[in-house]
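Owing to the predicted nature of the structure, the values given are computational and were not obtained by experimental measurement. Heavy atoms only: backbone and side chains are in, while hydrogens, waters and symmetry mates are out.
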Amino acid sequence: MPVRASINPLKWETEFFGINSALLQMDDDAPELHADALTSWSRVQAKIPAQRTDWLDALQQLGFQLVEGEVDFKLNVTDSVNPQAETATERDIPRLRELSAQAFAQSRFRAPWYDADASGRFYAQWIENAVRGTFDHQCLVFRDDSANIRAFVSLRQLNDSEARIGLLAGRGAGEQLMLAAMRWAFERQLTALRVGTQMGNTAALNRYIHSGASLESTAYWLYR
């Protein structure tokens, strides 16, 4: 089966990682994609629905390799206990960057596809942007008795009815973080909260299911 897709440059990732990157937009009605169209890119990514095994096989024939699986969930927003999370401020950025780099060191931006520190740097920048409101819209934190950050969650409003959890981390704080995210969405009169995680992250999968999330979709990331 031929691969039918367009190639879309990833400007921000190219600049951040220093790797000339693009993303395939798979479409059964797109022109057929040949291997020579990929040679000018150092990294080409593809995200496909897990049920499209025909796309998976065809991409592998073009030299793409499976990197990881992804699971997306949806929660209905309801009134909930307010766990009294704090909104992170710019003075929290150094600590949040450190925590994010540690928590998300093994993402799809890991070695050997990227430098050993690339994943940590990417998510450190993500959480900084969330605090500044330039990607996710806000970051909520919980502190310990010494006022040190022990857990955090970033959130982004997608439209008039939905929000998405960006980053969520903090050992033993999963329930509090989910309640904080739910409260954030409820206060904005939203009706749905979305969140995704790696297929192999069983702790996160169990947490989202336990919090009442329903499975929306599964997908595969492939790189060439």
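The main-chain N or O of Q106 is found under 3.5 Å from a side-chain atom of Q198 such that the two form a donor-acceptor pair. Proximity of a side-chain donor or acceptor of H137 to a complementary backbone N or O of Q157 within less than 3.5 Å is detected. For D144 (side chain) and A147 (main-chain N/O), a donor-acceptor pair under 3.5 Å exists by modelled atom type. No donor-acceptor pair closer than 3.5 Å links the side chain of N129 to the backbone N or O of W126. Looking at T191, its side chain does come within 3.5 Å of a backbone N or O of S161 through a donor-acceptor pair. Not a single donor-acceptor pair under 3.5 Å links the side chain of N201 to the backbone N or O of T197. Looking only at distances, no side-chain donor or acceptor of S119 sits under 3.5 Å from a matching main-chain atom of F109. Listed for the S21 side chain is a donor-acceptor partner under 3.5 Å among the backbone atoms of I19. A donor-acceptor pair under 3.5 Å is absent between the side-chain atoms of S100 and the main chain of R97, judged by distance alone.
Under the 4.5 Å side-chain criterion, counting only non-hydrogen atoms from C-beta, T87 is in contact with Q138. The shortest side-chain heavy-atom distance between N148 and R95 does not fall under the 4.5 Å cut-off. Here the side chains of R4 and M26 are not in contact, with every heavy-atom distance at 4.5 Å or above. Side chains of I48 and L59 form a contact here, defined as non-hydrogen atoms less than 4.5 Å apart. Looking at heavy atoms from C-beta onward, L222 lies out of side-chain contact with K47 at the 4.5 angstrom threshold. At a threshold of 4.5 Å between non-hydrogen side-chain atoms, the residues D136 and V131 do not count as touching.
The residue from M182, E187, R183, E162 that alone fulfils the side-chain contact (heavy atoms from CB on, under 4.5 Å) condition with V77 is M182.
Side-chain polar atoms of D28 and W55 form a donor-acceptor pair below 3.5 angstrom. Side chains of N20 and S42: a donor-acceptor N/O pair is absent below 3.5 angstrom, by distance only. Of the N and O atoms on the side chains of R108 and Y114, not one donor lies less than 3.5 Å from an acceptor on the other residue. For the residue pair W221/Q45, the side-chain donor-acceptor check at 3.5 Å is not satisfied.
In plain terms, the two heavy atoms of G170 and L177 that are nearest each other are N-CD1, 4.4 Å.
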Stepwise, does the ring-ring contact (aromatic ring centres under 6.0 Å, His included) test hold for F16 with W12?
-> CA-CA 6 Å; F16 185 82; W12 189 89; 4.8 Å; yes
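In this structure, R194 fails the cation-pi test against F73, since its NZ or CZ atom is not both closer than 6.0 Å to the six-membered ring centre and inside 45 degrees of the ring normal. Taking the centre and axis of the six-membered ring of W41, the NZ or CZ atom of R43 falls outside the cone set by 45° and 6.0 Å.
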